[in-house]
Colleague: 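Got a structure for you, questions after.
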Amino acid sequence: MKKILINATVAILYCIIITIMPTSCLDALDQAPDGKLNMDEVWADPVMTEQMLNTCYNNIPQKGYFYHWFDPLVVACSDDGWTSEDGQGQAVDHIYRNNNSAQTHYLRDSPHAAGGEGLNNAFWDRYWLQIRLCSQFIENIDNAAVSSEENRTRLKAEAHLLRAFFYMELVKWFGKLPVLDNTMAFDADYSTLYRQPVYEVAQLIASDCDVAIQTPELPWRITVGSDMLRVNKALAHALKAKAFLFAASPLHNEGHSEYWEEAYQVAKTAVQELKANGYELFATCTNSSVFGTGKAAALHQLVCQGADISASPRDKETIYQHRQGTVFVWHIGYIGSGEDGTYKCGTCPTQELIDAFETADGVPVLDLAKPYNDEKHLQPNYNPVNTVYKQNAPYENRDPRMYITALHHGAEFIWNNGEKKTVNTAVGGQHAPSWSLSDRVHSRTGYYHKKMVTPGASLTNQIDNSPWKYYRLGELLLDYAEAAAESGHSADARAAVNEVRARSGMPALPDNLSQADLVLRIHNERRVELAWEEQRYFDLRRWQKPDGDLSATCKYFTAMVVTAAGDGTFNYTRRNISENPRGGWSNRDLLLPIPLAEASRLEPLTGLKWQNPGW
């Protein structure tokens with residue numbers, strides 16, 4: 001099998017599936033992507049047939065720090081982060097100011113979103129384009145020239161799985177979608193198109209995933225470096241579980257709470273199959289000289305280092321990752337505050353995220369059902385059962401994952417390949433937060449990002465960070481735990497979440513939790529385990545009912561102000577980062593808008609409303 005050249009020299013087809021195209025573009029559909037050969041000639045050549053599959057791999061999104069201005073927009077638009085780019089005129093600044101519209105949405109249209117620059121409506125246009133390319137490949141591969149029948153079967157399975165991948169990306173951002181399992185002619189009758197419920201989209205995703213699962217030629221794990229980024233059978237199970245998790249969630253289930261049982265069964269099968277085929281949590285740090293010996297060292301190593309591509313890998317947890325590393329974290333998303341060789345501090349953890357980490361005895365710090373007594377989060381509703389947390393020593397005896405996620409006052413960090421430094425966010429300290437919109441170097445929150453930074457990374461020691469991990473077993477276990485809890489399988493839910501907690505030295509959840517309390521604990525577990533992994537943004541939304549909003553979580557945010565008491569101790573006071581609400585909390589923000597021009601074409605054509613609510 002030849003190496004899949006993701007950046008193939010051939011150009012992709014530039015026609016978007018839903019848009020009514022002119023005759024010149026219709027003619028292009030009969031040509032190869034280079035515009036010179038017709039498609040019959042392409043499918044008659046084994047090499048060009050594989051190149052057609054290459055185009056199906058285009059636009060796999062780079063996440064993390066690959067959004068506009070290298071800011072992790074999805075994290076910065078959740079309640080886990082606030083960026084120092086507010087006030088700088090960047091995409092996130094417009095989002096915070098609520099300057100979005102259906103015509104121009106600064107998250108949907110971010111120049112770096114969905115894999116690159118040069119196309120507006122990045123998420124919508126690029127992913128529909130990829131779905132069409134996958135369908136085109138599926139429709140032609142049976143009669144195409146290939147190097148072997150085994151190769152034909154694997155290539156077809158990959159195209160099915162890639163179509164599922166891009167459909168899932170669209171669901172996360174837009175919700176309901178037209179379900180298309182073939183390529184519609186651009187002069188076809190589009191009047192019958194409509195946006196089908198997420199459950200029906202999940203069924204299509206499941207069907208595509210089942211093709212991959214049932215294909216013996218598709219491996220469970222990529223073991224050859226030249227095949228990095230190629231899809232695998234484990235991804236099919238993870239995608240299928242994710243699709244039904246979203247379909248069962250309140251935002252998308254259209255009142256069908258029974259969908260949770262199906263989501264549970266699918267996720268349970270996925271976990272069982274992955275474990276039976278060599279997947280397991282990465283639970284032992286193999287590089288303690290860099291990541292230390294703390295209880296969360298293994299998790300820190302997992303998110304900082306790419307999965308090794310081998311038949312017997314060190315990292316058996318990662319299911320699917322990009323092949324390009326996440327750049328610039330060391331001088332954009334790390335300590336900032338004037339450290340040598342830094343540029344800005346980027347997005348930093350909020351006090352709300354810090355509040356989510358339990359104390360080391362496994363007890364939540366705040367009441368998860370109502371964490372704050374006021375709209376602006378200045379009055380924490382402390383959990384009366386917690387006897388370990390100290391307001392005058394808030395960082396002591398906390399979940400070990402807090403220490404590998406955020407840098408707080410008094411925390412140590414390694415700089416310049418071995419130089420140990422201590423964070424000083426006290427008023428007047430080098431790392432003290434700033435609320436000036438012209439200040440891009442200091443944190444807005446009193447914390448700095450740490451989770452995805454390899455200790456010692458700096459200007460003089462530019463360590464490549466891990467390629468983005470789209471799916472990993474820890475995430476799948478929490479998908480399973482949530483579906484199990486919602487469907488009444490409490491024992492299975494606790495077992496799954498406890499497996500994740502044990503990796504970082506956290507105690508098991510109590511056996512006597514009510515179903516409602518168990519769901520709350522799993523929601524919180526997702527937040528702390530998957531922090532900075534672009535899960536929280538979507539979790540907050542899918543947990544809302546269609547008429548809900550994010551006012552409780554994403555309207556006001558707090559920072560920690562540290563002041564010296566004069567006797568060697570410090571006082572810790574909460575303050576709002578901004579006195580004004582941050583954009584992105586209203587009902588319309590539960591989903592991104594369909595591009596205005598697209599909805600305007602389709603609504604009179606179909607007689608149906610296509611736009612998402614509020615846009």
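We count residues from 1, following the sequence as given.
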Colleague: With sequence neighbours left out, what residues match Phe282 under ring pair (Phe, Tyr, Trp, His ring centres under 6.0 Å)?
Modeller: none
Colleague: Scan Tyr470, Tyr279, Trp220, Trp468 and name whichever one has a ring-ring contact (aromatic ring centres under 6.0 Å, His included) with Tyr320.
Modeller: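 When ring-ring contact (aromatic ring centres under 6.0 Å, His included) is applied between Tyr320 and each of Tyr470, Tyr279, Trp220, Trp468, only Tyr470 qualifies.
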Colleague: Can you name the nearest heavy-atom pair linking Ala236 to Ile213, along with the distance?
Modeller: CB-CG1, 3.7 Å
Colleague: Taking the six-membered ring of Phe246 as reference, does the cationic atom of Arg542 (NZ for Lys, CZ for Arg) lie under 6.0 Å from its centre and within 45° of its axis?
Modeller: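 The answer is yes, since Arg542 meets both limits relative to Phe246.
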Colleague: Take atom NZ of Lys172 as the centre, draw a 6.0 Å sphere, and report whether it contains more than 12 heavy atoms from other residues, nucleotides or ligands.
Modeller: yes
Colleague: Can the ring centres of Tyr259 and Phe244 be said to be less than 6.0 Å apart?
Modeller: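 Between Tyr259 and Phe244, the centre distance exceeds or equals 6.0 Å.
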Colleague: Against the six-membered ring of Tyr537, is Arg541 placed for a cation-pi contact (under 6.0 Å from the centre, within 45° of the normal)?
Modeller: yes
Colleague: Indicate yes or no: does Arg401 engage Asp399 in a salt bridge with an N to O separation below 4.0 Å.
Modeller: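 Yes.
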Colleague: Does a salt bridge link Glu317 with Lys469, judged by any charged N lying under 4.0 Å from a carboxylate O?
Modeller: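 No.
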Colleague: Cation-pi check, Lys451 to Trp532: give yes when NZ or CZ is under 6.0 Å from the six-membered ring centre and within 45° of the ring axis, no otherwise.
Modeller: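 That pair does not qualify as a cation-pi contact.
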Colleague: Give every residue pair that meets the ring-ring contact (aromatic ring centres under 6.0 Å, His included) criterion with at least one member in residues 494-519, sequence neighbours excluded.
Modeller: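 Found none.
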Colleague: Decide whether Tyr57 and Glu158 meet the rule of one side-chain donor and one side-chain acceptor closer than 3.5 Å.
Modeller: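 There is such a pair between these side chains.
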Colleague: Nearest 0.5 Å, what's the CG-CG distance between Leu540 and Asp549?
Modeller: 11.5 Å
Colleague: Are any of the side-chain nitrogens in Glu533 or Arg472 under 4.0 Å away from the carboxylate oxygens of its partner?
Modeller: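 Looking at Arg472 together with Glu533, the answer is yes, because their closest N to O distance falls below 4.0 Å.
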Colleague: Can you confirm if the NZ or CZ of Arg582 lies within 45° of the ring axis of Trp82 and under 6.0 Å from the centre of its six-membered ring?
Modeller: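 Cation-pi check for Arg582 and Trp82: passes.
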Colleague: Should the pair Glu499-Arg494 be classified as a salt bridge under the 4.0 Å nitrogen-to-oxygen rule?
Modeller: no
